[in-house]
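So you know, we letter chains A, B, ... as the sequences are listed, proteins then strands, and number each from 1.
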Amino acid sequence: MSQKPSIPKGTRDFLPFQVNRREYIYDTIKSVFKKYGFAPIQTPSFEHSSTLMGKYGDEGDRLIFRILNSGDKVKKADLNALEDGNLPKFANSLAEKALRYDLTVPFARFVVQHQNDLTFPFKRYQIQPVWRADRPQKGRYQEFYQCDADVVGSDSLLFEVDFIQIFDEVLSDLKIPDFTIQINNRKILSGIAEVTGEEDKIIDITVAIDKLDKIGEDGVVKELLEKEVSQAAIDQIKPLFSLTGETQKMLDFMREFLASSEVGMKGIEELEYVFAKTEILGLRNAKLDFDVTLARGLNYYTGAIFEVKAIGVKMGSICGGGRYDDLTGLFGMKNLSGVGISFGADRIYDVLTELELFPENINQTLEFLFINFGEKEADFALPILQKLRNASVPSEMYPESAKLKKQFKYADDKNAKHTVVIGESEIKNNEVTVKEMQSGEQVTMSVDDFITKYCA
RNA sequence: GUGGUUGUAGCUCAGUUGGUUAGAGCGCCUGAUUGUGGUUCAGGAGGUCGUCGGUUCGAGACCGAUCUUCCACCCCA
């Protein structure tokens, strides 16, 4: 081997056992999405640059993978823009397409484009890879899968309630024992900015208090001062940092805090509704927590916001979501409210690995391996093998009469549940010898009995 | 995008102030064992030391660039 091949940074290959595990996660998510009435769609890996650019803020634009124009289209490069130092304009002239950055913005484009074919409220789920030109870290890749479910065309809070049930059901089905669904409402955050007289600094304020559990109270205060939030406002906000305890008490506190803000009170009302309905339905493994300091970066959210964290694992959030009132407005379709959630499948994979929660049988995909003793024995075995396959029992025969040690090791490596030995004596008596690999136990039975037992 | 960190066999890692032929464990292959894998024993294969360039009589080690890994920011799943 001369030069070792490699793959670009932030990308990964997946071995069979890894793909099996990943599909276990996707299948679990999919089955719950379907149960709640969501239908699948897919969108292309790449979109027009103009569809994506400017939708995720300056920070997001930087992370969008651009696709260089090919062929004669390179001639479209705007050299004047380059000379003038207008690099964004130059880049746009050079790259008319870009890789999908998330599933939500392409979905908004999809809804506007196909509005006449859709029935509203439209509920879709989508499981596809997305790409970000981010600097990789553990659990952060340049190519990763998102598993999204969204509803557009309804402002009913019942969907917020549904999504909480979906989080609970999926993660409980995946056997995650302990996780918290944190919930907040952008209207409450707006209310906070309003009552403190810092309405124009709402983004700075939310970004800062979102970091509370990371940089602490002093860190947040420092950042607020840096963003020129007034000392009076900071003093007013400070008590929110230590707001914990019973949900009802926190909500009461906030109601008082936001009394003079109409939008803030609306946020409280919405939250109370969601808590009340969830109370009625109950939750399996999840804890639902009101967290005033939860903000989330994406600034298209306008109502509820969610974030889910596994307890006992050092890992960022594994799911997120929220309501956005006017995402399709960006593409010219006004007044369409949407709400959606996203499962971070790659991070869930890491959590399940760390907590050893993958079921063992995921990678036991081979039921029977037939040991090959030679042509005569193989001829005897092949019809039996075919019967197993017709009954959808995953089975195979070793392709040549290699040493038994080698054949059994192959069975072992492939995690075969049984091996079937057919040699001279078995053929003579019309029998098969079946060995259960894990226990090592071995029984000989007639071919008919074998077929009745396993090809049902 | 900013600052740091890492790279030696398939994997995990040793390798002294620059000095002959670069090591270990695990894994892999072969045999002991031509009707039995996961245990044991014996033997064997496998490396342009991430890449390119520089310093030097001499570089795995020193210098530069580049790619990659991981970490802290930024941001985020």
Checklist entry - Whole Å only: how far is the CD atom of A:Gln442 from the C1' atom of B:rG37? => result 11 Å

Item to check | Assigned partner base of B:rG37, Watson-Crick or wobble definition, under 3.5 Å | outcome: none

Item to check | Distance, rounded to the nearest Å, where A:Leu63 contributes CG and B:rA77 contributes C1' | outcome: 12 Å

Item to check | Pairwise C1' distance for B:rA45 and B:rU33, with rounding to whole Å | outcome: 22 Å

Item to check | Pairwise P distance, B:rA9 and B:rC52 [rounded to whole Å] | outcome: 16 Å

Next on the checklist: Please report the distance separating the C1' of B:rG7 from the corresponding atom of B:rC49, rounded so that it comes out in whole Å.
Outcome noted: 10 Å

Item to check | Side-chain N or O of A:Lys409 closer than 4.0 Å to phosphate OP1/OP2 of B:rC28 | outcome: yes

Checklist entry - When the ring planes of A:Tyr301 and A:Tyr324 are compared, do they come out parallel, tilted or perpendicular, using 30° and 60° as the limits? => result tilted

Checklist entry - Between B:rU2 and B:rA65, how far is it from one P atom to the other, in whole Å? => result 14 Å

Checklist entry - What residues, two or more places apart in sequence or in another chain, satisfy ring-ring contact (aromatic ring centres under 6.0 Å, His included) together with A:Phe159? => result none

Next on the checklist: So for A:Arg135 and B:rU69, does any side-chain atom that can act as donor or acceptor lie under 3.5 Å from a complementary atom in the base?
Outcome noted: no

Item to check | Rounded C1' spacing from B:rU68 to B:rU51 in Å | outcome: 10 Å

Checklist entry - So does A:Lys406 get a side-chain nitrogen or oxygen closer than 4.0 Å to the phosphate oxygens (OP1/OP2) of B:rU34? => result no

Next on the checklist: Does B:rA72 have OP1 or OP2 under 4.0 Å away from a side-chain N or O of A:Gln137?
Outcome noted: yes

Checklist entry - Out of A:Phe167, A:Tyr125, A:Tyr26, A:Phe144, which residue meets the ring pair (Phe, Tyr, Trp, His ring centres under 6.0 Å) rule with A:Phe343? => result A:Phe167

Next on the checklist: At 4.0 Å (heavy atoms only), tell me whether A:Gly440 reaches a base, stays on the sugar-phosphate, or touches nothing.
Outcome noted: base

Item to check | Face-to-face contact A:Phe373 to B:rG35 six-ring, under 5.5 Å, under 30° | outcome: no

Item to check | Atom pair distance, as rounded to whole Å: OH in A:Tyr398 and C1' in B:rU34 | outcome: 15 Å

Checklist entry - If you look at every strand shown and take non-hydrogen atoms under 4.0 Å, does A:Gly320 touch a base, only sugar-phosphate, or nothing? => result nothing

Next on the checklist: Donor-acceptor check, side chain of A:Lys55 to backbone of A:Thr51, threshold 3.5 angstrom: yes or no?
Outcome noted: yes

Checklist entry - Rounding to the closest angstrom, what is the interatomic distance between B:rG47 and B:rA14 at atom C1'? => result 15 Å

Checklist entry - Would a 4.5 Å heavy-atom cut-off, applied to side chains only, mark A:Leu288 and A:Ile164 as touching? => result yes

Checklist entry - Which nucleotide sits closest to the side chain of A:Met437: B:rC76, B:rU36, B:rG37? => result B:rG37

Checklist entry - Rounded to whole angstroms, how far apart are CD on A:Glu59 and P on B:rA77? => result 13 Å

Checklist entry - What does A:Gly321 touch in the nucleic acid at a heavy-atom separation under 4.0 angstrom: a base, only the sugar-phosphate, or nothing? => result nothing

Item to check | Sole residue of A:Asp178, A:Asp289, A:Asp291, A:Asp213 in salt bridge (charged side-chain N to carboxylate O under 4.0 Å, His left out) with A:Lys309 | outcome: A:Asp213

Checklist entry - Is the shortest side-chain N/O distance from A:Lys211 to OP1 or OP2 of B:rC74 below 4.0 Å? => result yes

Next on the checklist: When you measure from the centre of the six-membered ring of A:Phe107, is the NZ or CZ of A:Arg124 closer than 6.0 Å and no more than 45° off the axis?
Outcome noted: yes

Next on the checklist: Base, sugar-phosphate or nothing for A:Tyr141? Non-hydrogen atoms, less than 4.0 Å.
Outcome noted: base

Checklist entry - Which base, if any, makes a Watson-Crick or G-U wobble pair with B:rC70, both distances under 3.5 Å? => result B:rG4

Item to check | N/O donor-acceptor pair, side chain A:Ser6 with base B:rG50, under 3.5 angstrom | outcome: no

Item to check | Atom C1', compared across B:rC11 and B:rC73: separation rounded to whole Å | outcome: 33 Å

Item to check | Nucleotide opposite B:rG53 in a Watson-Crick or G-U pair, distances under 3.5 Å | outcome: B:rC63

Next on the checklist: Applying a 4.0 Å non-hydrogen cut-off, can you work out what A:Glu426 is touching in the nucleic acid: base, sugar-phosphate, or nothing?
Outcome noted: base

Checklist entry - Given that both distances must come in under 3.5 Å, which nucleotide forms a Watson-Crick or G-U wobble pair with B:rA24? => result B:rU12

Checklist entry - Heavy atoms under 4.0 Å, any strand shown: does A:Ile371 hit a base, just sugar-phosphate, or nothing? => result nothing

Next on the checklist: Need one value for A:Thr419: base, sugar-phosphate or nothing, where a base atom within 4.0 Å counts as base even if backbone is also close, heavy atoms only.
Outcome noted: nothing

Item to check | Spacing of the P atoms in B:rC70 and B:rU6 (rounded, Å) | outcome: 15 Å

